[in-house]
Amino acid sequence: MQAAATLSPAPIITPNANGFGAEVTGIQLKDADAASFAAVEAAFNRYSVVCLRDQRMTPPEMRDAIKRFGPLETHTLLQYTLPGIPEIYVLANIEENGRQIGAHNEGIGWHTDLSYKETPVMMTALYGLICPPEGADTLFADMTSAYEALPEDEKRALDGLRIHHSYQSWMATRADRAPLTEAQKALTPDVKHPLIRTHPVTKRKSLFIGTGTVWGIDGMDRAQGKALVDRLVEYATAPRFQLAHKWREGDLVLWDNRCTLHTGTLFDDQKYKRHIHRMMVKGDLPF
């Protein structure tokens, strides 16, 4: 007689009061059966930011768990990827054998990940290995609610505008980074994306904006276009649209780059260590 299949516990999903962000407890994502995984995936699409608490996973287990959401994306800069698992990018202020093992103070400034690509990433996943007890929060902003709160005349004025992203121009302004290689330049041509984006699953519209690689608006004077985007970022990242995640070791945070902005925050890097593993899931062409 064949033994019955063992089912993993159903996840406990607790949304935030305003419907932006949710906490998931009661499961290990690496062991989730199809039903439990589908519940987490549905929560991700509905709440945009999901934190799975108390996860325990090795790098190969993290890779296998995250690739269930879709094909994996690698970072443009490979020097801080995990040896043997290039899909995992390391964020850390730790040295081993005289070498910094990860990027430090990465992701400061409101942005979406790989928005400078023709097909930006759908999901980013961060897994906390060592988390400072103060500082180093990750802030998120709800671009769907920000869009829906705009006056109707402003929605009409923004409809059809396309943002010009230039990774190469942005990197050229950063004195803390080595110049891009010709191979890296070939992978990062300038792109243009709609300023208002439709979520392919929920069909809701959101602002698709940011800082950093944003170079302007197609067909508009560069200074004027950049000023418009900066004004929208300031509006859309107001406290009423924000969620602050305070890290605990074992947190696995998943967020939807199609409808959120995020930024890292600083911490006392002389006093505390930080070690995070990051992964990304490929997305689709914004529309």
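Fair warning: this is a prediction, and the values are worked out from it, not measured in the lab.
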> Given the rule that I, L, V, M, F, W and Y join up when any side-chain heavy atoms are under 4.5 Å apart, are L254 and L72 in one cluster?
Replying inline: yes

> Hey, do the aromatic rings of H199 and F208 have their centres closer than 6.0 Å?
Replying inline: no

>> Tell me whether E23 contacts the main-chain N or O of P15 through its side chain, where contact means a donor paired with an acceptor under 3.5 Å.
In response: no

> Measuring from K205:NZ to L150:CG, what's the distance to the nearest 0.5 Å?
Replying inline: 12.0 Å

> Can you list the steps and then say if R274 with L129 is a side-chain contact (heavy atoms from CB on, under 4.5 Å)?
Replying inline: CA-CA 8 Å; R274 180 175 184 250; L129 299 168; over 6 Å; no

> Under 4.5 Å between side-chain heavy atoms, hopping through other hydrophobics if needed: is there a path connecting V281 to V40?
Replying inline: yes

> Are side-chain N/O atoms of D269 and H104 paired as donor and acceptor at under 3.5 Å?
Replying inline: yes

>> Looking at every heavy atom in both P59 and I88, which two are closest together, and how far apart are they?
In response: O-CD1, 3.6 Å

> Would a 4.5 Å heavy-atom cut-off, applied to side chains only, mark V49 and V253 as touching?
Replying inline: yes

> Between T202 and N45, is any side-chain donor less than 3.5 angstrom from a side-chain acceptor?
Replying inline: no

> Do D284 and R197 sit within salt-bridge range, that is, some charged N less than 4.0 Å from a carboxylate O?
Replying inline: yes

> Between atom CE of M123 and atom NZ of K282, what is the distance when rounded to the nearest 0.5 Å?
Replying inline: 15.0 Å

> For the ring pair Y89 and H75, is the centre-to-centre distance below 6.0 Å?
Replying inline: yes

>> Counting C-beta onward and ignoring hydrogens, is there a side-chain heavy-atom pair between L126 and L91 closer than 4.5 Å?
In response: yes

> What's the spacing between E249 CD and I276 CD1 if we round to 0.5 Å?
Replying inline: 8.5 Å

> Are L228 and W110 in one and the same hydrophobic cluster, where Ile, Leu, Val, Met, Phe, Trp and Tyr link if side-chain heavy atoms are under 4.5 Å apart?
Replying inline: yes

> What is the distance from atom CG of L161 to atom CD1 of I196, rounded to the nearest 0.5 Å?
Replying inline: 7.5 Å

> Under a 4.5 Å cut-off applied to non-hydrogen side-chain atoms, are D113 and R278 in contact?
Replying inline: yes

>> Does E154 have more than 12 heavy atoms from other residues, nucleotides or ligands lying within 6.0 Å of its CD?
In response: yes

> Taking NZ, NE, NH1 and NH2 as the nitrogens, is one of them in E234 or R231 under 4.0 Å from a carboxylate oxygen of the other?
Replying inline: no

> Considering residues, nucleotides and ligands other than R162, do more than 12 of their heavy atoms fall under 6.0 Å from its CZ?
Replying inline: yes

> Looking only at heavy atoms, what is the nearest atom pair of A146 and L207, with distance?
Replying inline: CB-CD1, 4.2 Å

> How close do T260 and T112 get, heavy atom to heavy atom, and via which atoms?
Replying inline: O-CG2, 3.0 Å

> With a 4.5 Å heavy-atom cut-off, do T138 and T263 have their side chains touching?
Replying inline: no

> If you take all heavy atoms of Q100 and A92, which pair is closest and at what distance?
Replying inline: NE2-O, 3.1 Å

>> Distance check, rounded to the nearest 0.5 Å: T81 atom OG1 versus Q79 atom CD?
In response: 8.0 Å

> Any cation-pi pair here, R68 with F37, using under 6.0 Å and within 45°?
Replying inline: yes

>> Assess the residue pair M62 and L252 against the criterion (side-chain contact (heavy atoms from CB on, under 4.5 Å)); give the C-alpha distance rounded to whole Å, side-chain angles, the decisive distance to 0.1 Å, and a yes or no.
In response: CA-CA 10 Å; M62 181 181 181; L252 176 66; 4.2 Å; yes

> Quick one: are E134 and Y272 in side-chain contact, heavy atoms under 4.5 Å?
Replying inline: yes

> Would a distance-only check, ignoring hydrogens and angles, find a side-chain to backbone donor-acceptor pair under 3.5 Å from D137 to K246?
Replying inline: no

> Do V214 and H164 come within less than 4.5 Å of each other through their side chains, counting heavy atoms only?
Replying inline: no

> Got a second to check how far F20's CZ is from Q242's CD, nearest 0.5 Å?
Replying inline: 9.0 Å

> Under the 3.5 angstrom rule, does the side chain of D221 hit a backbone N or O of A223 as a donor-acceptor pair?
Replying inline: yes

> Below 4.5 Å, heavy atoms only, C-beta onward: do D218 and I163 meet side chain to side chain?
Replying inline: no

> Any idea which heavy atoms bring T213 and S115 closest together, and the distance?
Replying inline: OG1-OG, 3.6 Å

> Can you check salt bridge (Lys or Arg N to Asp or Glu O under 4.0 Å) on K30 and D64, steps first, answer last?
Replying inline: CA-CA 7 Å; K30 65 179 182 180; D64 293 345; over 6 Å; no

>> Measuring centre to centre across the rings, with the benzene-like ring taken for any Trp, is F241 within less than 6.0 Å of Y235?
In response: yes

> Should we count NZ of K226 as having more than 12 external heavy atoms under 6.0 Å?
Replying inline: yes

>> I'd like to know whether the aromatic ring centres of H165 and W215 sit less than 6.0 Å apart in this structure.
In response: no

> Do other residues, nucleotides or ligands put more than 12 heavy atoms under 6.0 Å from the CD atom of E96?
Replying inline: no

>> Check this for me: does any side-chain nitrogen of one of E61 and R56 sit under 4.0 Å from a carboxylate oxygen of the other?
In response: no

>> Is there a path of hydrophobic side-chain contacts, each under 4.5 Å between heavy atoms, that joins M57 and L52?
In response: yes

> Given the rule in the side-chain contact (heavy atoms from CB on, under 4.5 Å) test, do H262 and N257 qualify, once you have shown the distances and angles that lead to the verdict?
Replying inline: CA-CA 9 Å; H262 67 278; N257 285 286; 3.7 Å; yes

> Between S166 and D190, does a side-chain hydrogen bond (donor to acceptor under 3.5 Å, both in side chains) hold up when you go through it step by step?
Replying inline: CA-CA 5 Å; S166 180; D190 287 13; 2.9 Å; yes

>> Quick check: closest heavy atoms across V229 and G210, and the distance to 0.1 Å?
In response: CG1-O, 3.5 Å

>> Apply side-chain contact (heavy atoms from CB on, under 4.5 Å) to residues C51 and H245 and explain how you reach the verdict.
In response: CA-CA 9 Å; C51 174; H245 179 70; 3.4 Å; yes

>> Please list all pairs meeting side chain to side chain donor-acceptor pair (under 3.5 Å) that have one or both residues in residues 11-21, counting only residues at least two apart or in different chains.
In response: none

>> Any non-hydrogen side-chain atom of L261 less than 4.5 Å from a side-chain atom of I209?
In response: yes

> Linking I/L/V/M/F/W/Y whenever any side-chain heavy atoms sit under 4.5 Å apart, do L139 and F267 land together?
Replying inline: no

> Testing F44, Y47, F69, F140 for ring pair (Phe, Tyr, Trp, His ring centres under 6.0 Å) with W255, which one passes?
Replying inline: F140

